[in-house]
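Quick caveat: nothing in here was measured; it's all calculated off a predicted structure. Each chain gets a letter, A, B and so on, in the order the sequences are listed, and its residues count up from 1.
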Protein chains: 2
Amino acid sequence: MQADTVDIDRLFHALGDTTRRAILDRLCEGPMSVSTLAEPLGITLTAVAQHLQILESCALVRTEKTGRVRTCRIEPTGFDALDRWIRTHRTLWERRLDRLGAMLAEEDASS
Amino acid sequence: MQADTVDIDRLFHALGDTTRRAILDRLCEGPMSVSTLAEPLGITLTAVAQHLQILESCALVRTEKTGRVRTCRIEPTGFDALDRWIRTHRTLWERRLDRLGAMLAEEDASS
DNA sequence: AAAATAGTCAAGTAAATACTTCAGTAATTC
DNA sequence: GAATTACTGAAGTATTTACTTGACTATTTT
């Protein structure tokens, strides 16, 4: 497993959870504290902090503590990595499907 | 949780596993049987079949049994759903970041 | 300085996940 | 028709995951 693979693993894992996607969606409204973020989620502050650690570990969120308040905001870096993965794989898959299509067309022509 | 959300949950979960991504990558070479697919993975046929069920349940793979052989191939439907999710969210996030940028610019101008 | 607020840390728990083994079944091949 | 091949199904296990509680620290507010 290469270094790059680990990141993609973490990214997909991070995004595979409804609560974490809800946190990301919420952060689209703008930067906010952990408590504010937690309020409508119906889970403990501790749980939210745990989710934030995961989101931060794959560069989907950035947080910064000032005084007693930790402010969270969206970080596009992780998102870019995901986008790159998708683009690469879409290309590979489409190339494959194109080849398949060409093969079928050839079969048709020769029948 | 809406129907759409369930699908995205399953998609990300499916892609968050190294073995399943390896299966997808392998299937770029073309359609192949479960045994052929399993051979270089170093896990049992049963485990591979379980992964395939997951990949099939979110339309990343399509399989078809003829005789005693089940042939697996890539299915772009699930991939399209993922791409849509990414595009939508990229837009939302970028819009937010633009607003932030504008706010910072305004601050600069007024100081 | 006392009380309230915002978050953190450690430990525990229930459920989910990625496997396994072993015993089938159905389709080929010899 | 006997042996082999390709897969399927049920059941079990170790690990991970998403949470919880409760005790703690550090920062504001009063």
Side-chain angles (χ1 to χ4, degrees), chain A residues 1 5-27 29-58 60-73 75 78, chain B residues 1 5-27 29-58 60-73 75 78:
Chain A
M1 205 194 278
T5 312
V6 174
D7 291 347
I8 283 292
D9 244 10
R10 279 223 287 254
L11 254 176
F12 278 123
H13 167 243
L15 289 165
D17 180 274
T18 318
T19 307
R20 281 192 289 267
R21 286 202 311 282
I23 288 176
L24 289 175
D25 282 347
R26 187 81 191 293
L27 284 176
E29 294 170 22
M32 61 187 78
S33 74
V34 182
S35 316
T36 313
L37 209 44
E39 201 250 309
L41 290 175
I43 54 177
T44 56
L45 202 62
T46 308
V48 176
Q50 283 162 0
H51 282 305
L52 283 168
Q53 266 192 324
I54 290 171
L55 289 168
E56 219 175 344
S57 82
C58 58
L60 286 166
V61 161
R62 186 161 48 91
T63 77
E64 194 181 357
K65 195 166 181 178
T66 314
R68 64 181 171 178
V69 178
R70 178 172 295 278
T71 306
C72 315
R73 69 191 75 229
E75 157 97 273
Chain B
M1 208 193 276
T5 311
V6 173
D7 290 346
I8 283 292
D9 243 10
R10 280 223 288 252
L11 255 176
F12 278 123
H13 167 243
L15 289 166
D17 179 275
T18 318
T19 308
R20 282 193 288 268
R21 286 202 312 283
I23 289 176
L24 289 176
D25 282 348
R26 187 84 191 293
L27 284 176
E29 294 170 21
M32 62 188 77
S33 74
V34 182
S35 315
T36 313
L37 209 44
E39 202 250 309
L41 290 175
I43 53 176
T44 57
L45 202 63
T46 310
V48 176
Q50 282 163 1
H51 283 305
L52 283 168
Q53 267 193 322
I54 291 170
L55 289 167
E56 218 175 344
S57 82
C58 57
L60 287 165
V61 161
R62 186 160 48 91
T63 77
E64 193 180 1
K65 195 167 185 179
T66 314
R68 63 181 171 178
V69 178
R70 178 171 296 279
T71 305
C72 315
R73 69 192 73 230
E75 157 95 276

> Taking CD from Gln53(B) and C1' from dG9(D), how many angstroms apart are they, rounded to a whole number?
10 Å
> Quick one: CG on Leu15(A) to CG on Leu24(A), what's the gap to the nearest 0.5 Å?
6.5 Å
> Less than 3.5 Å apart, which donor and acceptor atoms pair up between the side chains of residues 45-52 of chain A and the rest of the protein, not counting sequence neighbours?
residue: His51(A); atom: ND1; partner: Arg20(A); partner atom: NH1; Å: 3.1

> Given atom CZ of Arg10(B) and atom C1' of dT17(C), what is their separation to the nearest angstrom?
15 Å
> So which protein N/O to nucleotides 24-30 of chain D N/O distances come out below 3.5 Å?
residue: dT27(D); atom: O2; partner: Arg68(A); partner atom: NH1; Å: 3.1

> Go through the steps for Leu27(B) and Ile23(B) under the test side-chain contact (heavy atoms from CB on, under 4.5 Å), then give the verdict.
CA-CA 6 Å; Leu27(B) 284 176; Ile23(B) 289 176; 4.2 Å; yes
> Do you know which two heavy atoms are closest between Arg21(B) and Gly16(B), and how far apart they sit?
NH1-C, 3.9 Å
> Rounded to the nearest 0.5 Å, how far does CD1 of Ile43(B) lie from CG of Leu41(B)?
5.5 Å
> Can you tell me how far apart CZ (Arg10(B)) and CD1 (Ile54(B)) are? Round to the nearest 0.5 Å.
10.0 Å
> Side-chain donor-acceptor pairs under 3.5 Å in residues 60-72 of chain B, sequence neighbours left out?
residue: Thr63(B); atom: OG1; partner: Glu56(B); partner atom: OE1; Å: 3.2
residue: Thr63(B); atom: OG1; partner: Glu56(B); partner atom: OE2; Å: 3.1
residue: Thr63(B); atom: OG1; partner: Arg70(B); partner atom: NH1; Å: 2.8

> Report the distance from atom CD of Glu39(B) to atom P of dA6(D), rounded to the nearest whole Å.
12 Å
> List for me each residue that meets side chain to side chain contact (heavy atoms under 4.5 Å, CB included) alongside Thr36(A), sequence neighbours excluded, and say none if there are none.
Arg26(A), Met32(A), Ser33(A)
> In whole angstrom, give the distance that lies between atom CD of Glu64(B) and atom C1' of dA6(D).
16 Å
> Rounded to whole Å, please give me the gap between CG in Leu41(B) and C1' in dC19(C).
13 Å
> What string of B, S and - do you get for nucleotides 15-21 of chain D, 5' to 3', when a contact is any protein heavy atom under 4.0 Å?
--SSBBB
